[in-house]
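These notes are about the structure you will find just below.
In what follows, every chain begins at residue 1, and chains take the letters A, B, ... in the order their sequences are listed.
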Amino acid sequence: MTNPPTLLLVDGSSYLYRAYHAMPDLRAVPGDPSSPATGAIRGMVNMLQALDKTPETAQAAYAVCVFDASGPTFRDDWYPEYKANRSPMPDDLRSQIDPIHEVVRLLGWKVLSVPGVEADDVIATLARIAASQGVQVVVSSGDKDLSQLVDERITIIDTMSGKRRDVAGVEQEFGVPPALMVDYQALVGDAVDNVPGVAKVGPKTAVKWLHEFGSLDGLIAQADSIKGVAGNNLREAIASGQLALSRKLVTMQADCDLTAYAPGLPDLADLQKQELDAQNLRHFYDKYGFKGLARALAAPEKEAKAPDNGSGDLFSSFDSDDAASTEVAVAAQQREVAYHCIQTQAQLDEWLVKIDAAELTAIDTETDSLNALQAQLIGISLSVQPGEAAYIPLGHEGIEGVQQLPLADVLARLKPWLEDAGKPKLGQHIKYDQHVLANQGITVRGYRHDTMLQSYVLEVHRPHSLESLALRHTGRTGLSYEDLCGKGKNQISFAQVPLDKACAYACEDADQTLDVHRVLWPQIQAQAGLLHIYQLEMQTSEALFRMERNGVAIDAQELARQSNDLGTRIVALEQAAYELAGQPFNLSSPKQLGEIFFDKLGLPVVKKTPSGARSTDEEVLEKLAQDYPLPAKLLEHRSLSKLKNTYTDKLAHMALPRTGRVHTHYAQAVAVTGRLSSNEPNLQNIPVRTPEGRRIRQAFIAPPGRVIASADYSQIELRIMAHLSGDEALLRAFHDGLDVHRATAAEVFGVALDQVSSEQRRFAKVINFGLIYGMSSYGLAKTLGIDNSAAAAYIDRYFQRYPGVKRYMDDTVALAHKQKYVETVFGRRLQLPDINGGSGPRKKAAERAAINAPMQGTAADLIKKAMVAVQQRLDAVQPDVLLIMQVHDELVFELPADKADWLRQEVPALMAGVAALKVPLLAEVGVGANWEQAH
DNA sequence: CTGCTAGCATA
DNA sequence: GTATGCTAGCAGA
């Protein structure tokens, strides 16, 4: 008996957007942003090729790819707001639609795009026709709305996630069988398509009701018996007709008239899969710069062999880096993998030999905590070639009969290799694994690569988790941490995960890391500027690891004293506020505060928050404080409770009890300008401006016999502006060692340097900062408290005196528009996705970011270089001087008191010497018993 | 328990 | 006007 023929229906529209977003910014001419975008085209080709290699769909007799046509559909007639929340298609994608239709046809697929009928309805119609003729139907779509079509003959697969929705699959995923999916969707609604549904009814309630009443009609008949808010909303939705409308909107129309576009129907002959049109396909690939695909077309036999020589991938593939990648494009889930669980000495021996000989080994650790310094090691996974990995369970527990080698034995065997700088290693976010292994007394050496940093350097705006990297660059998806451990209060430790699952997950991580590296590393190598920045990031990672491990000593008693003082003052302010308000209220609640201020006391509304509420922020309170007593109390209360709640109450608790030191985590792949960020706790926003705030720095101390030193770059961003703009007046000011704000004031106000008043200097300082932030006259006016025309006059005057700066700003904005990114002095790329796309305000904001990014980013590069240089010098000659914090333009040290002179001598020179710009760099040092005194 | 807003600390 | 992270309150689970 032969299998019935198969019709393969591809929901082209659902893949368009995913291909567009998942693919990097590919161009017909690589690296030329003005040439046509090709990422979505490429993604689409990869996806169709993957389907040709998926057993279930490879042999399909009929194959159709369905797209939405432009323009309104019949649903818009029923409901004008349908899909009103959708943003318009990006131009970059729109321009790829026609080529996509063309290439799909050339690949032998029937293309259908029916005006007035959505792709979903076309698919529904074709699926029902085919199923009624005994044809097996496979729909390939990422859209779960199609689940209502599923029956014995119709299955949905999601090529990108590997999900498979058959009758049982739908029931498992949604909790209702396919036949009830329409009812389910009608109740739940759809925020994306703007289908209303029933207010406050989500998946849980919908499933409960459908189980109880059997169907939507059953539910409607019994609507009166439903209690609570949900019941009211249900009756309201029934009465208003909204529920009926929702049902109509979500129901796929399986009876569309397609004869104008598929005249052969109901006969399927027209839909037969054709041979691909090799000649024209070749032209097409050439035209769009798909060299690897063109080569594969010329030598198809290459596909048959060596399934293991590249990444198995859906959306990877750069022609330049990995000729094999697209040619072997197979759906991720079809990839052959060999994952091993190491549970015997013999297996461990075998892998020790492998990693010892490997060119590069991917390492990943599994732990029980996201906090690296407290994390316990649960297991280690290793991979030396794609598709093969091993997991060594070490800390699993609580499961009957867990067989694992003793932790101490395994680590003793691994340690020589881990600590050998000559054994090249790779990881994803290696700083974390370094901490975990350091917790076991192992100092890992020989890390050559970190895929997280590769991604950060290449595509700063995109997510850098391994999961997203694997999907984006290799098309692979896998087990998620949540799949294994759950979430919320029911989450279990990784140590409790059954070994087979833990092994699969851990091996996958190491395997995918190696895979992603093979895609990203060639891209970095191909661009000298990025290579330089990547090497800087790798060195910075090591310096950060050291700094995080050092931590900073905290004086818990001092903080407790301050908390006490603040607490007393806060209580007094509360009492005073209650008196003035005539009633008690929560001073921390902007909502209650608004009611007291504007409803009860009748204070004037100064401005609104973005969401329309009456603002009570600092600026508003300052203004109101001129005429009323209560706002001043609020201002003081706000600032004191901020200090108490955020700093004095919290910091001591974050110190490790054993050492009394806090160890922040520096995020190296978060800030889009290249800066670091600090969290748990954030040590980069410890107060300094107000006296009360600055006191908190007294609690950042050095142990007995030691002192704190702070070295900060002076005016670093303005110096970078002078370098980048080449403006002569500004360069001269720095070369002459002038106070730059004073010099600016002298120029702008037309007075001699020694005639500048402190008010004039203050204005000049604000202008200088404004320049770094890409200011407008509007913004300047607001911060200086002057009117718009006066601010514009200052800016004019400034640009007259510093024409080079003006030219630089204009050039930068123009360049940003042209290439959609700007660069730092050292070649870091700062992408500006909104610069051409967005509306007026968004575009203006992107232009300001374009002006700021090279300055902020170059400053970030410089201090990273300084950290690396300083740490290397310390290691070489002063190992008891510790680098303990970085605050954007400042490095903080803890050192023996008698090494202070050495530091004053050496560190500023190192910091100033990391680059030779057109202006000298200057770093200044302070030393004291605590961080406050070190300034 | 989770996600959002308002507000505010730093460079 | 640039770039971050953290807290409290609040609303919907």
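Distances shorter than 4.0 Å separate some side-chain N or O of A:Ser615 from OP1 or OP2 on B:dG7. For B:dT10, one of the phosphate oxygens OP1 or OP2 lies less than 4.0 angstrom from a side-chain nitrogen or oxygen of A:Arg689. Within the 4.0 Å cut-off from OP1 or OP2 of B:dA11, not a single side-chain nitrogen or oxygen of A:Arg675 is found.
Nucleic acid contact for A:Ser677: sugar-phosphate only, since backbone atoms but no base atoms lie under 4.0 Å from a heavy atom of the residue. Contact annotation for A:Leu780: base contact, defined as any heavy-atom pair under 4.0 Å involving a base atom. At the heavy-atom level, A:Gln592 lies under 4.0 Å from the strands shown only through sugar-phosphate atoms. At the heavy-atom level, A:Asn685 lies under 4.0 Å from base atoms of the strands shown. No engagement by A:Lys204 is indicated, since no non-hydrogen atom pair under 4.0 Å with the nucleic acid exists. Looking at heavy-atom distances under 4.0 Å, A:Tyr647 makes contact with sugar-phosphate atoms alone, never a base. Within the 4.0 angstrom heavy-atom criterion, base atoms lie near A:Thr783. Residue A:Glu680 is in sugar-phosphate contact alone, with no base atom involved, counting any heavy-atom pair closer than 4.0 Å across all strands shown. The residue A:Val201 sits apart from the nucleic acid: no heavy atom pair falls under 4.0 Å. At the heavy-atom level, A:Arg848 lies under 4.0 Å from the strands shown only through sugar-phosphate atoms. No engagement by A:Lys844 is indicated, since no non-hydrogen atom pair under 4.0 Å with the nucleic acid exists.
Every residue two or more places apart in sequence or in another chain that forms a ring-ring contact (aromatic ring centres under 6.0 Å, His included) with A:His435 is listed here: A:Phe545. With sequence neighbours excluded, no residue forms a side-chain hydrogen bond (donor to acceptor under 3.5 Å, both in side chains) with A:Asp796. Partners of A:Arg694 by side-chain hydrogen bond (donor to acceptor under 3.5 Å, both in side chains), not counting sequence neighbours: none found.
Per the geometry, CZ belonging to A:Phe769 stands 12 Å off C1' belonging to B:dT10, to the nearest Å. Taking atom NZ of residue A:Lys591 and atom P of nucleotide B:dG7, one finds them 14 Å apart after rounding to whole Å. The distance between atom NZ of A:Lys650 and atom P of B:dA9, rounded to the nearest whole Å, is 15 Å. Nucleotide B:dA11 holds its P atom 16 Å from the CD1 atom of A:Ile720, rounded to whole Å. Rounding to whole angstrom units, CG of residue A:Leu634 and P of B:dG7 are separated by 11 Å. Rounded to an integer number of Å, the gap from A:Asp617 CG to B:dA9 C1' is 15 Å. Following rounding to the nearest Å, A:Gln684 (CD) and B:dA9 (P) show an atom-to-atom distance of 17 Å. Atom CZ of A:Phe700 is separated from atom C1' of B:dT10 by 12 Å (rounded to the nearest Å).
The pair A:Arg695-A:Glu932 fails the salt-bridge criterion, with no side-chain N (NZ, NE, NH1 or NH2) lying under 4.0 Å from an Asp/Glu carboxylate O. A:Glu595 and A:Arg614 are not joined by a salt bridge, as no carboxylate oxygen comes within less than 4.0 angstrom of a charged side-chain nitrogen. A salt bridge is defined here as a Lys NZ or Arg NE, NH1 or NH2 lying under 4.0 Å from an Asp or Glu carboxylate O, and A:Asp565 with A:Arg569 fails to meet this definition. The pair A:Arg761-A:Asp739 meets the salt-bridge criterion, with a side-chain N (NZ, NE, NH1 or NH2) lying under 4.0 Å from an Asp/Glu carboxylate O. Using a 4.0 Å cut-off between a side-chain N of Lys or Arg and a carboxylate O of Asp or Glu, A:Asp617 and A:Lys607 qualify as a salt bridge.
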With pairs defined as Watson-Crick or G-U wobble and both distances under 3.5 angstrom, please note down DNA chain C as a dot-bracket string, | for pairing with another strand. .|||||||||||.
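Here chain A contacts DNA chain C (any atom closer than 4.0 Å to a heavy atom, that is under 4.0 Å), and the contacts span C:dG1 to C:dA13 from 5' to 3'.
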Counting only pairs under 3.5 Å, give me each side-chain donor-acceptor contact of residues 850-868 of chain A, with atom names and distances, residues two or more places apart or in other chains.
residue, atom, partner, partner atom, Å
A:Asn852, OD1, A:Gln856, NE2, 3.1
A:Asn852, ND2, A:Ile772, O, 2.9
A:Gln856, OE1, A:Thr673, OG1, 2.7
A:Thr858, OG1, A:Val825, N, 3.2
A:Thr858, OG1, A:Pro854, O, 2.6
A:Asp861, OD1, A:Arg828, NE, 2.8
A:Asp861, OD1, A:Arg828, NH2, 2.9
A:Asp861, OD2, A:Thr824, OG1, 2.7
A:Lys864, NZ, A:Glu537, OE1, 3.1
A:Lys864, NZ, A:Glu537, OE2, 2.8
A:Lys864, NZ, A:Gly674, O, 2.7
A:Lys865, NZ, A:His532, NE2, 2.9

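We find the CG-CD distance between A:Leu621 and A:Glu636 to be 12.5 Å, quoted to the nearest 0.5 Å.
In this structure the side chain of A:Val672 reaches within 4.5 angstrom of the side chain of A:His461, judged on heavy atoms.
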